[in-house]
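Before any comments, here is the structure.
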Amino acid sequence: MWSPGSGEIWVADSEGLGEWMRRLSQWAGLAILAAALPAARAADVNGNWQGSFDFQGSSVALTFHFVANGNALTGSVEGLPTTPAEIHDGKVDGNNIAFLLDTDYQGTQYTVAYRGTVSEDGNSIAFTMGTETGDWSMELTAARLRSAVPPAHVNAPLGEIKRYPGDGDGAFKTGHYRDLFAEAGHSPEETKAKIDKAFQLLFHGDGQEERLYFETGANQNGTLAYITDWNNNDVRTEGMSYGMMIAVQLNKKREFDAIWNWAKTYMQITDPRNPSVGYFAWSMSTDGTPRSTGPAPDGESYYVMALYFAAHRWGNGQGIYNYQAEADKLLRLMRHHPVMTGEGPFRIHPEDPPFVMPDHPWPSPDTRRKEAEAKASGHPLQWYRPSRGPEEQTVGPMVDEEHCMIRFAPNLPGGTTDPSYHLPAFYELWARWGPEEDRAFWSKAADVSRDFFAKVTGPETGLTPERSNFDASPATGWDGKPIPFAYDSWRSISNWSVDYSWWRKDPEETVLSDKMQKFLAGQGIDNFDGSYTLDGQPLVHHHSPGLTATTAVGSLAATDGSNARAFVDALWKMPVPTGEGRYYDGMLYLMSMLHASGNFRIY
């Protein structure tokens, strides 16, 4: 499975590593023998093939499109995270075929090798697929498809979008921010005490069980500090930008500057040979060394907004603390980053060594737990690592210009979007404060996101998928199924509800909040799950305070009633998240407390 947000795949494989290595050795010997013999007549593999394999209890469907020219094989494979993935180094020798393909996840590229044997009747191919290094393998049989296979998804044009000109009727215009806790009978003093406690614990509490904020010394720009995902033992642009937003909302300039200093020092990509230059690497180790060399646009979006608020609340300083200049530069880059292609492995900074994923799991509490689970199951926990050889990546803007929306990653070609990355409340401000040449784009992007939310959500549940195509049609996951509502998705209801609170332009946002609150309340407000299909089938049986918190923010847009009040009450009674899993839940909790109390404001 993908470890959430890590860019890693973990497989508890029923086949031992030794057996896989023996097979790899056998293939190597056969390849040497084959090189010494005349090439056999190539089997006819042209056309479309389809098969599936079992991946930790789920059936993963793959569709192969093969084009053979003599002994050379080209084509593509659908069903992987990069869909379609182009075949390279493909060969057909008699009834044997072999090829490689690259699949990308949040800026890290993985190479998978396929070797197959065509059946005597020519109607099936028995494949073994796995890493070139022999760390992981799976088997599948693909059958020839006699009927036409639908082509890879082509996004429909954007079409007509309802526009909402002007300043709306929300807090931006009126200056009034709803305090849902006051509406429930709690005093401002009680609310302030809860928020102050949450900040104290998450930023300055016990280092083992409570704190996420850690200061690490200083450089010429001052104090350095990071926000860590404790469970995965890394630093993410998501959490760093959330930390900055919390700090500016609570007037904590020291913490804000220290986080921004660490991000600029360690996370911003400055090597001109890295095609993601100018962006921020989405995951780093806490010692400032990389775990990735590409970005995730949700981090950049929150960096920009937090920097604009800092400029307006505290004024601009010098260098990296000229907040307005830094926000303008990053926002401009998000739309106008040049399309660049480079061959990795890549560096963050020119003086760094090239980053190559290690041949062992990253040390973390999550790793230790997975190792213990694998040991208890009697199966080895194996590490699926990416290709360690040269890799080519093409990176461009963080927005899809044709559809006027944020991308899941700026890697090209193709791509998808993540509904939880859509922030129309922020885009309205960028349309007023950002670089003048981009203001019309962000104004339209706000309306596009409002329209997109209405299209991409489950019609009965209000749930959004973690990823979708730009035209709001379902994107496909590893298992060949539509990508469901999961961890990223928890943020969507907060995004559209804050948009309603600040701008109050689109009444459909009330409908969406009502649907989602009704669905989750119907599942049981104290025990609903963390992941569902969009039609409401549970997938992960884990109740999280983070989802409760963001759904309470939904009450800013929801119809006043029993569901809206119940979620606000659940947030009020919720303790500050602690322990190994406190990162995501804790960040969402504190930001939700600020939103629900009317203390998350436009500065």
Side-chain angles (χ1 to χ4, degrees), residues 106-107 221 226-227 235-248 256-272 274-284 292-340 348-349 395-401 404-411 418 421-439 441-443 445-446 602-603:
Q106 290 197 343
N221 288 316
Y226 61 76
I227 298 286
V235 179
R236 304 177 177 206
T237 52
E238 170 193 76
M240 294 288 278
S241 60
Y242 286 178
M244 288 169 59
M245 182 61 79
I246 290 166
V248 71
F256 183 100
D257 287 350
I259 296 170
W260 181 235
N261 188 15
W262 203 98
K264 290 283 288 185
T265 299
Y266 296 111
M267 306 183 88
Q268 189 164 37
I269 300 162
T270 59
D271 183 3
N274 185 329
S276 295
V277 62
Y279 294 144
F280 291 76
W282 76 272
S283 176
M284 304 286 289
S292 68
T293 57
D298 56 340
E300 269 75 359
S301 297
Y302 263 82
Y303 279 144
V304 167
M305 195 73 268
L307 287 163
Y308 279 132
F309 287 161
H312 300 159
R313 185 161 200 179
W314 300 320
N316 292 306
Q318 300 296 315
I320 69 169
Y321 302 122
N322 185 337
Y323 308 121
Q324 178 82 34
E326 292 288 315
D328 284 345
K329 182 167 58 177
L330 184 53
L331 185 56
R332 186 177 286 112
L333 189 69
M334 288 173 65
R335 187 180 179 210
H336 299 291
H337 191 291
V339 176
M340 300 174 63
I348 304 298
H349 310 109
V395 176
M398 287 187 165
V399 298
D400 182 79
E401 197 75 19
C404 206
M405 67 176 63
I406 199 77
R407 300 173 62 89
F408 176 65
N411 298 74
D418 182 333
Y421 286 13
H422 287 240
L423 295 160
F426 291 2
Y427 303 160
E428 288 276 7
L429 297 175
W430 299 351
R432 291 159 173 79
W433 302 344
E436 290 190 15
E437 65 271 23
D438 296 329
R439 291 181 179 182
F441 174 87
W442 292 115
S443 176
I602 300 168
Y603 288 100

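Under the 4.5 Å side-chain criterion, counting only non-hydrogen atoms from C-beta, M334 is in contact with S301. Counting only heavy atoms from C-beta outward, the side chains of W430 and V304 approach each other to under 4.5 Å. Put simply, the side chain of Y266 does not reach to within 4.5 Å of the side chain of I348, judged on heavy atoms. Side-chain contact between V395 and M340 is absent, with no heavy atoms from C-beta onward closer than 4.5 Å. Counting heavy atoms from C-beta on, the side chains of Y421 and E300 never come closer than 4.5 Å. In this structure, F280 and L330 have side chains that are in contact, with non-hydrogen atoms separated by less than 4.5 Å.
The salt bridge (Lys or Arg N to Asp or Glu O under 4.0 Å) contacts involving residues 309-319 comprise nothing, where partners must be two or more places apart or lie in separate chains.
Here the closest heavy-atom approach between residue A409 and residue P297 is recorded as CA-CD, 4.2 Å. Nearest approach of Y279 to P410, heavy atoms of both residues: CE1-CG, 3.9 Å. Pairing each heavy atom of P424 with each of A446, the nearest pair is CB-O, 3.7 Å. Counting all heavy atoms, side chain and backbone alike, S292 lies closest to A281 at O-CB, 3.6 Å.
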Would you give me the side-chain donor-acceptor pairs under 3.5 Å for residues 258-265, sequence neighbours excluded?
from, atom 1, to, atom 2, distance (Å)
W260, NE1, I320, O, 2.9
N261, OD1, N219, ND2, 3.4
N261, OD1, T265, OG1, 3.3
N261, ND2, N219, OD1, 2.9
N261, ND2, G222, O, 3.1
N261, ND2, T223, O, 3.1
K264, NZ, Q268, OE1, 2.7
K264, NZ, E326, OE1, 2.9
T265, OG1, N219, ND2, 3.1
T265, OG1, N261, O, 2.7

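Using a distance-only test at 3.5 Å, with no hydrogens or angles considered, no donor-acceptor pair links the side chain of N274 to the main chain of I269. S443 places no side-chain N or O within donor-acceptor distance of the main-chain N or O of A431, the cut-off being under 3.5 Å. Distance alone, capped at 3.5 Å, places no donor-acceptor pair between the D298 side chain and the E238 backbone.
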For this session: With side-chain contact (heavy atoms from CB on, under 4.5 Å) as the test, would you mind laying out the steps for H337 and M398 before giving the verdict?
Result: CA-CA 8 Å; H337 191 291; M398 287 187 165; over 6 Å; no
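Annotation: the span from L307 atom CG to M305 atom CE amounts to 9.0 Å, rounded to 0.5 Å. Separation of atoms OG1 (T237) and OH (Y242) is listed at 9.5 Å; rounding is to 0.5 Å. For the atom pair OG1 (T270) and NE2 (H349), the distance works out to 4.5 Å, reported to the nearest 0.5 Å. From M245, atom CE reaches atom CE of M240 across 14.5 Å, with rounding to the nearest 0.5 Å. To the nearest 0.5 Å, atoms CH2 (W433) and CZ (F426) are separated by 10.0 Å.
With sequence neighbours left out, the side chain to side chain contact (heavy atoms under 4.5 Å, CB included) criterion links E401 to R335, V399, F441. Every residue was checked against the salt bridge (Lys or Arg N to Asp or Glu O under 4.0 Å) condition with D418, not counting sequence neighbours, and none meets it. In this structure H312 satisfies the side-chain hydrogen bond (donor to acceptor under 3.5 Å, both in side chains) test with no other residue, sequence neighbours excluded. When the side-chain hydrogen bond (donor to acceptor under 3.5 Å, both in side chains) test is applied to Y427, no partner is found at least two apart in sequence or on another chain. In terms of the side chain to side chain contact (heavy atoms under 4.5 Å, CB included) criterion, residue partners of S241 (sequence neighbours excluded) are, by chain and number, Y302, Y303. Scanning for side-chain hydrogen bond (donor to acceptor under 3.5 Å, both in side chains) contacts around D271 gives R273, with sequence neighbours left out. When the side-chain hydrogen bond (donor to acceptor under 3.5 Å, both in side chains) test is applied to Y226, no partner is found at least two apart in sequence or on another chain. Annotation: ring pair (Phe, Tyr, Trp, His ring centres under 6.0 Å) contacts of F256 (sequence neighbours excluded): W314, Y323. Under the salt bridge (Lys or Arg N to Asp or Glu O under 4.0 Å) criterion, E428 pairs with R432, R450, K505, not counting sequence neighbours. Evaluation of the side chain to side chain contact (heavy atoms under 4.5 Å, CB included) rule for P435 yields Y308, D328, L331, R332, E437, D438 as partners, not counting sequence neighbours.
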